A.B. asks: 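Okay, handing you the structure first.
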Amino acid sequence: MRLSRFFLPIMKEIPKEAEIVSHRLMLRAGMMRQEAAGIYAFLPLGLRVLRKIEQIVREEQNRAGAIELLMPTIQSADLWRESGRYDAYGKEMLRIKDRHEREMLYGPTNEEMITEIFRAYVRSYKDLPLNLYHIQWKFRDEVRPRFGLMRGREFLMKDAYSFDLDQAGARHSYNKMFVAYLRTFARLGLKSIPMRAESGPIGGDMSHEFIILASTGESEVYCHKDYLDIPVPGADVDFDDIVGLQSTVDQWTSNYAATSDMHDAAAFGQISADKQVAARGIEVGHIFYFGTKYSEPMKAVVSGPDGIEKPVHMGSYGIGPSRLVAAIIEASHDDAGIKWPEAVAPFRVAILNLKQGDSATDTACEGFYRDLMGKGIDVLYDDTDQRAGSKFATADLIGIPWQVVIGPKGLAAGTFEVKKRADGSRENLSPAATIDLLTR
RNA sequence: CGGAGCAUAGCGCAGUCCGGUAGCGCACCUCGUUUGGGACGAGGGGGUCGCAGGUUCGAAUCCUGCUGCUCCGACCA
């Protein structure tokens, strides 16, 4: 992409409404625009990041055996009356009427609808286990939206729903998602820690919030230092290995970890002082088992091997990709701007033509741009007639992981300057060595 | 939902108390000089001053009502 033809409305000054760093940087980097309280338009740069996050989430869901579908944003009130939640949900639910005065709602979540879909087709235990998910916009009419994408009213959510014959099966389904989440956040370049969450109506130990560590995170978290070093399961993890998966989950849940509202100072004090970690974090995922809470009232039943119909045991698993865009920035930025992890960067490489209009630099940049494009690398070529300093500032602000600086100085020596945004390191490399580095 | 505040050019703000030609910086356009960390000079364009009433010869400014947004608290992917 040529910057001169891209739509990148960056700002030098900070809009006053933006309070937290991710919100400020997203506005300054031209990633999104507020259209109403808690409602945002994604501009091209922001959309690129959102799509990359979404794709990683999708790949890890698929790897764990979940199957993607897509449910609508608008739902019928009748469905929610069946579960009893239409009245229970409260004002957070956006309720609307169609032209025939039928009561509808903009879905804040999809347990009812997925249960309706399940019961329409699945009759036998032989079709279990089943895990269906979608990535769809949700709307929750929060009293007070704030912090930009971190707490918007409209947000993108990946929500998965598992169906099993019994609780033992449900535990395995839960564990699959648990491990999938560990892998997902690791791939996004984040350090995530599962923390025991309010167990809800069912009780038990099958509810966890996934918190990522970020110095500017909104909640305080306390955990055992060992969490920072536990290896995340590799891509070859066997999701059908019930025992193996359980031991991974055990490893990730045996030590102390809690957010401030669940914090037990005494228990935390038991940990030796050098192993205590008090940090800040952001909730980016939540998984829980809720048994037959919806299957019972909504009659989602299957016949077991004994021929007897039983309500299925369900769990649900949420990740907010739109919140993750902001969360990643909170976890990875500096005074100059965003530092995207390579996996989610809107562009992997930026080419900075330091002397636009000079035939030697133009030729070198154009050629190199074509070479990278030919290799299938996401590259943003700054071919604007801005001065060098302005181009450096822009590239740093929007956080492109690799900046290839091409100017008369380097060209005289036959080299490009390659800067790594993550640590600011630079080296002068020949064009061939640069290509080599970027395609490694 | 309780409390506080804001609304003037794309962004950041002054002007409002004390009514009298709507301003500044950045951004944008033109020309020139510049060109390795957000250049300089000259010229230029852009506004129903959130909306609706009212007072007045005259309202961004005073009065009334409304709307939108932000922050603190309670609540949450």
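Keep in mind that what you see is a predicted model, and the values were worked out from it rather than measured. Only this structure's heavy atoms are used, side chains among them; waters, hydrogens and symmetry mates stay out. To find a chain, count down the sequence lines: A is the first, B the second, and so on, and within it residues start at 1.
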A.B. asks: Give one of base, sugar-phosphate or nothing for Arg28(A), where a contact means two heavy atoms less than 4.0 Å apart.
C.D. replies: base
A.B. asks: What about Thr394(A), does its side chain sit under 3.5 Å from the base of G38(B) through a donor-acceptor pair?
C.D. replies: yes
A.B. asks: Are any side-chain N or O atoms of Tyr227(A) and backbone N or O atoms of Asn255(A), one a donor and one an acceptor, separated by less than 3.5 Å?
C.D. replies: yes
A.B. asks: Quick one: the side chain of Arg151(A) and the base of C76(B), do they pair up donor-acceptor inside 3.5 Å?
C.D. replies: yes
A.B. asks: Could you go through the ring-ring contact (aromatic ring centres under 6.0 Å, His included) check for Phe347(A) and Phe6(A) one step at a time?
C.D. replies: CA-CA 12 Å; Phe347(A) 295 95; Phe6(A) 194 48; 5.5 Å; yes
A.B. asks: Considering every strand shown, what is the Watson-Crick or G-U wobble mate of G41(B) when both distances are under 3.5 Å?
C.D. replies: C31(B)
A.B. asks: Answer yes when Lys293(A) and Glu111(A) have at least one side-chain N-carboxylate O distance shorter than 4.0 Å, and no when they do not.
C.D. replies: no
A.B. asks: Atom CD of Glu19(A) and atom P of U70(B): how far apart are they, to the nearest Å?
C.D. replies: 11 Å
A.B. asks: Aromatic contact between Trp252(A) and Phe178(A), with the criterion being ring centroids under 6.0 Å apart: yes or no?
C.D. replies: no
A.B. asks: Heavy-atom nearest nucleotide on RNA chain B for Arg144(A) versus Met150(A): which residue maps closer to 5'?
C.D. replies: Arg144(A)
A.B. asks: Short of 4.0 Å, heavy atom to strand atom, which residues of residues 378-388 of chain A count as contacting RNA chain B?
C.D. replies: Arg387(A), Ala388(A)
A.B. asks: Give me the one residue out of Val49(A), Ile53(A), Val284(A) that meets side chain to side chain contact (heavy atoms under 4.5 Å, CB included) with Pro321(A).
C.D. replies: Ile53(A)
A.B. asks: Check the distance between U34(B)'s C1' and Leu354(A)'s CG and give it to me in whole angstrom.
C.D. replies: 15 Å
A.B. asks: At less than 3.5 Å, do the side-chain atoms of Arg426(A) and the base atoms of G37(B) form a donor-acceptor pair?
C.D. replies: yes
